[in-house]
Amino acid sequence: MIVTITLNPAVDTCYYVSSFLLGETNRSDQYVKTAGGKGLNVSKVLKQLGADVIATGFLGGTTGQFIAEEVQKKSIISRFTQCKEDTRNCIAIIDQAGQHTEMLERGPKITEEEAKKFFQDLTELYKLREIQAIVASGSIPAGLGKDYYCHLIREAKFRKIPFILDTSGDALKEAIQAEPYLIKPNISEVASLLEREIRTEREVLLALQDEKLRIIPNIVISLGAGGAMARCDKEIYKVIIPTIEVKSPVGSGDAMVAGMAYEITKKSTNEQVLRVGTTCGILNAMHVETGYIDIEKFNMLYKEVQIIRLN
Ligand SMILES: Nc1ncnc2c1ncn2[C@@H]1O[C@H](COP(=O)(O)OP(=O)(O)OP(=O)(O)O)[C@@H](O)[C@H]1O
Ligand SMILES: O=P(O)(O)OC[C@@]1(O)O[C@H](CO)[C@@H](O)[C@@H]1O
């Protein structure tokens with residue numbers, strides 16, 4: 001069983017426009033609304049891969065209700081903790097050139113009681129199920145504290161459960177102190193973590209081997225259409241991907257995390273973990289819906305992903 005944690009889920013609305021003009025009135029004839037938030041996208045992809053998954057986190061208000069219903073429609077088992085304030089809305093705008101702009105709400109404020117209840121609910125799960133991995137993704141809502149992931153990581157480490165983390169900003173900066181099993185920042189997230197510009201392949205390589213990140217066993221830096229680079233213990237890998245027709249890359253990082261988590265629970269090789277994760281990321285970018293992969297195209301794309309060991 002894989003447990004996903006989405007502390008800050010979102011109703012994701014993706015608007016399609018011919019061109020997006022800042023400071024102008026933009027109209028859209030086509031939009032797609034999905035139950036999102038990084039951990040929920042991970043859950044959806046895990047489900048499509050055939051993994052046993054339980055989605056957890058906070059849900060509140062009518063937006064929370066919308067997500068709960070969508071999760072149920074997809075037959076994903078969930079144990080969400082209720083919060084008083086409404087779950088947030090997030091917006092993505094994609095123009096004809098494929099350029100995308102996002103507007104992310106901060107989300108609800110979680111009370112102390114709700115935070116305690118979440119921890120109790122998670123502890124219940126630990127008792128009831130055999131958990132092979134925990135995947136925590138996304139921002140931390142107000143009220144929880146920047147170090148909230150640290151508590152969750154330490155608890156998982158105590159129970160010898162690999163903790164896979166995909167977050168950004170201060171939440172990531174704090175969380176690395178607790179040594180998660182794997183982190184998957186994108187290039188701007190790792191640049192902000194290391195407080196320096198990272199652009200070239202050499203700079204990505206140096207980031208993977210940075211002293212500050214040495215305590216993290218596995219780091220995968222995703223590079224969007226540029227593939228990824230990774231360090232698994234001391235081994236460094238470059239992931240080369242095919243060119244595809246992109247519909248929406250929103251949630252590709254989450255799909256990648258789902259594929260990697262699934263392979264980690266199967267104790268697969270580093271190469272296989274990276275290849276399956278990358279294939280899922282690409283498949284997500286080929287669809288408008290976040291957290292959707294066309295499983296029928298999996299084998300074809302899987303063969304086109306190249307994993308090169310650099311040392
Ligand atoms: N435009 C694209 N073309 C092909 N593959 C892509 C594209 N964008 C993303 N991918 C695949 O998905 C993986 C993760 O993408 P990306 O680096 O954009 O993650 P991210 O920034 O964390 O995304 P998000 O936060 O929206 O989930 C990439 O390593 C790549 O394999
Ligand atoms: O604010 P966070 O939690 O960092 O990111 C939220 C979000 O942008 O991430 C997902 C795509 O990865 C979307 O479903 C969602 O709207």
Side-chain angles (χ1 to χ4, degrees), residues 4-14 32-45 57-58 63 67 70 87-94 97-108 135-142 144 149 165-172 183-192 204 220-230 237-260 274-287 289-293 297 301-302 304-307:
T4 64
I5 300 176
T6 319
L7 298 176
N8 207 1
V11 175
D12 283 325
T13 307
C14 183
V32 180
K33 191 164 129 181
T34 42
K38 294 195 188 303
L40 265 166
N41 297 334
V42 173
S43 314
K44 289 189 276 185
V45 174
F58 294 98
T63 36
I67 291 180
E70 292 296 302
T87 293
R88 66 187 168 152
N89 285 292
C90 287
I91 288 172
I93 300 163
I94 302 191
Q99 175 130 328
H100 88 275
T101 309
E102 289 185 47
M103 172 58 73
L104 312 180
E105 286 181 20
R106 175 130 195 236
V135 182
S137 312
S139 54
I140 299 181
L144 288 184
Y149 279 133
L165 180 69
D166 180 15
T167 188
S168 54
D170 287 343
L172 179 58
I183 58 170
K184 191 225 66 67
N186 62 24
I187 197 156
S188 63
E189 288 161 353
V190 79
S192 135
V204 175
V220 181
I221 301 180
S222 65
L223 307 168
M229 295 196 72
Y237 298 91
K238 178 175 172 165
V239 181
I240 300 174
I241 62 171
T243 305
I244 51 144
E245 196 195 322
V246 179
K247 290 276 167 57
S248 165
V250 180
S252 279
D254 310 331
M256 184 181 203
V257 167
M260 293 194 295
L274 291 170
R275 193 185 291 275
V276 171
T278 302
T279 306
C280 292
I282 303 169
L283 285 171
N284 178 83
M286 291 166 79
H287 267 269
E289 193 185 334
T290 49
Y292 176 83
I293 58 168
K297 295 198 177 119
L301 273 163
Y302 175 89
E304 289 188 47
V305 173
Q306 289 178 61
I307 312 288

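Not measured: the values here are computed from a predicted model. Order of appearance sets the numbers: ligands from 1, and atoms from 1 within every ligand. Basis for what follows: all heavy atoms, side chains included, without hydrogens, waters or symmetry-related copies.
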Judging by distance only, is a nitrogen or oxygen of N8 under 3.5 angstrom from one on ligand 2? no
Does a side-chain heavy-atom distance below 4.5 Å link K38 with S168? no
Hey, does T290 come in under 3.5 Å of ligand 2, counting only N/O atoms on both sides? no
Donor-acceptor pair, distance only, cut-off 3.5 Å: does the side chain of N284 make one with the backbone of G291? yes
Atoms of ligand 2, numbered as shown, that sit under 4.0 Å from any heavy atom of E102: 8 (O)
How does T167 reach ligand 2, by side chain, by backbone, by both or by neither, if only non-hydrogen atoms under 4.0 Å count? neither
First-shell residues of ligand 1 [heavy atom, distance under 4.0 Å]: K38, K184, N186, S222, L223, G224, A225, G227, I241, I244, V246, P249, V250, G251, S252, G253, D254, M256, T278, G281, I282
Is there a side-chain contact between V239 and V305 (heavy atoms, below 4.5 Å)? yes
Could you list which atoms of ligand 2 come closer than 4.0 Å to a heavy atom of G138? 3 (O)
Considering non-hydrogen atoms of the protein only, which is the closest contact for atom 11 (C) of ligand 2, and what is the distance? D254 OD2, 3.3 Å
Interfacing atoms of ligand 2 (cut-off 4.0 Å, heavy-atom, C90): 16 (O)
I need the atoms of ligand 2 closer than 4.0 Å to a non-hydrogen atom of G251, numbered in the order shown. 11 (C), 12 (O)
Side chain, backbone, both or neither: which part of R106 has a heavy atom under 4.0 Å from ligand 2? neither
Is any N or O atom of S139, backbone or side chain, closer than 3.5 Å to an N or O atom of ligand 2? yes
Quick one: nearest non-hydrogen protein atom to atom 14 (O) of ligand 2, plus distance? D12 OD2, 2.4 Å
Qualifying residues under side-chain hydrogen bond (donor to acceptor under 3.5 Å, both in side chains), relative to S248, sequence neighbours excluded: none
Can T87 and F58 be said to form a side-chain contact (heavy atoms from CB on, under 4.5 Å), step by step? CA-CA 8 Å; T87 293; F58 294 98; over 6 Å; no
Min heavy-atom dist G253 to ligand 2 below 4.0 Å: no
How far apart are the C-alpha atoms of I282 and E304, what are their side-chain angles, what is the distance that settles it, and do they pass the side-chain contact (heavy atoms from CB on, under 4.5 Å) test? CA-CA 11 Å; I282 303 169; E304 289 188 47; over 6 Å; no
Got a donor-acceptor contact below 3.5 angstrom from the T279 side chain to the R275 backbone? yes
Shortest non-hydrogen contact from S252 toward G281: OG-O, 2.9 Å
Sequence-distant partners of A92, side chain to side chain contact (heavy atoms under 4.5 Å, CB included), two or more places apart: C14, E102, V250
If we only count N/O pairs under 3.5 Å, is A10 in contact with ligand 2? no
N/O donor-acceptor pair under 3.5 Å between R106 side chain and P141 backbone: no
Could you tell me which residues satisfy salt bridge (Lys or Arg N to Asp or Glu O under 4.0 Å) with E189, sequence neighbours excluded, listed by chain and number? none
The closest protein heavy-atom partner of atom 1 (O) of ligand 2 is R88 NH1, 2.9 Å
D254 side chain reached by V45 side chain, heavy atoms, under 4.5 Å: no
For the backbone of S137 and the side chain of T167, can you confirm whether one donor and one acceptor N or O come within less than 3.5 Å of each other? no
For atom 9 (O) of ligand 2, find the nearest protein heavy atom and state the residue, atom name and distance (0.1 Å precision). K38 NZ, 3.1 Å
